[in-house]
Amino acid sequence: MQIDLNGAPVATAAETLATLIDEHGFDAASVATALDGVFVPRPLRSKTPLHRGAKVEVLSPMQGG
């Protein structure tokens, strides 16, 4: 299916947010995620299904001011 990941279109076979994070090599323990503009807590990623056209944001923490 086609989704939007961090503003870029990508094709994925992932069915959940957790699988998508693994598929793209993100460090699941150190990123924050949102699906269609709604924050998804880490414990819920494996229960959060993706859908065609989903807008996923995966954010890494930054240091500095």
Side-chain angles (χ1 to χ4, degrees):
M1 93 180 93
Q2 191 78 19
I3 65 165
D4 183 293
L5 177 59
N6 291 342
V10 297
T12 182
E15 295 183 1
T16 67
L17 185 55
T19 306
L20 180 72
I21 290 169
D22 289 342
E23 180 181 275
H24 286 270
F26 293 108
D27 180 1
S30 64
V31 295
T33 55
L35 175 63
D36 295 331
V38 178
F39 172 72
V40 179
R42 189 181 333 165
L44 298 180
R45 292 176 187 164
S46 63
K47 299 175 184 169
T48 302
L50 297 177
H51 58 87
R52 186 180 337 164
K55 297 191 182 305
V56 178
E57 295 288 333
V58 180
L59 307 168
S60 297
M62 297 178 63
Q63 292 183 332

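The first residue in the sequence is number 1, and the count goes up from there.
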Do M1 and V40 sit in the same hydrophobic cluster, where Ile, Leu, Val, Met, Phe, Trp and Tyr count as joined when their side-chain heavy atoms come under 4.5 Å apart?
yes
State, to 0.1 Å, how close I3 and A54 come at their nearest heavy-atom pair, and which atoms those are.
CB-O, 3.5 Å
Looking at OG1 of T33 and CD1 of I21, how far apart are the two atoms once the value is rounded to the nearest 0.5 Å?
5.0 Å
Considering all heavy atoms of both residues, which atom of P49 and which atom of L35 are nearest to each other, and what is their separation?
O-CD2, 3.8 Å
Considering all heavy atoms, the nearest V31-S60 contact:
CG1-OG, 3.9 Å
Applied to residues 4-17, the side chain to side chain donor-acceptor pair (under 3.5 Å) test, sequence neighbours excluded, yields T12-E23, T16-T19
Do the side chains of V58 and H24 get nearer than 4.5 Å, heavy atoms only?
no
Hey, what do you get for NZ (K55) to CG (L5), rounding to the nearest 0.5 Å?
11.5 Å
Hey, any chance L17 and L44 share a hydrophobic cluster, counting ILVMFWY side chains that come within less than 4.5 Å of each other, even indirectly?
yes
Distance (rounded to the nearest 0.5 Å) between T48 OG1 and L20 CG:
11.5 Å
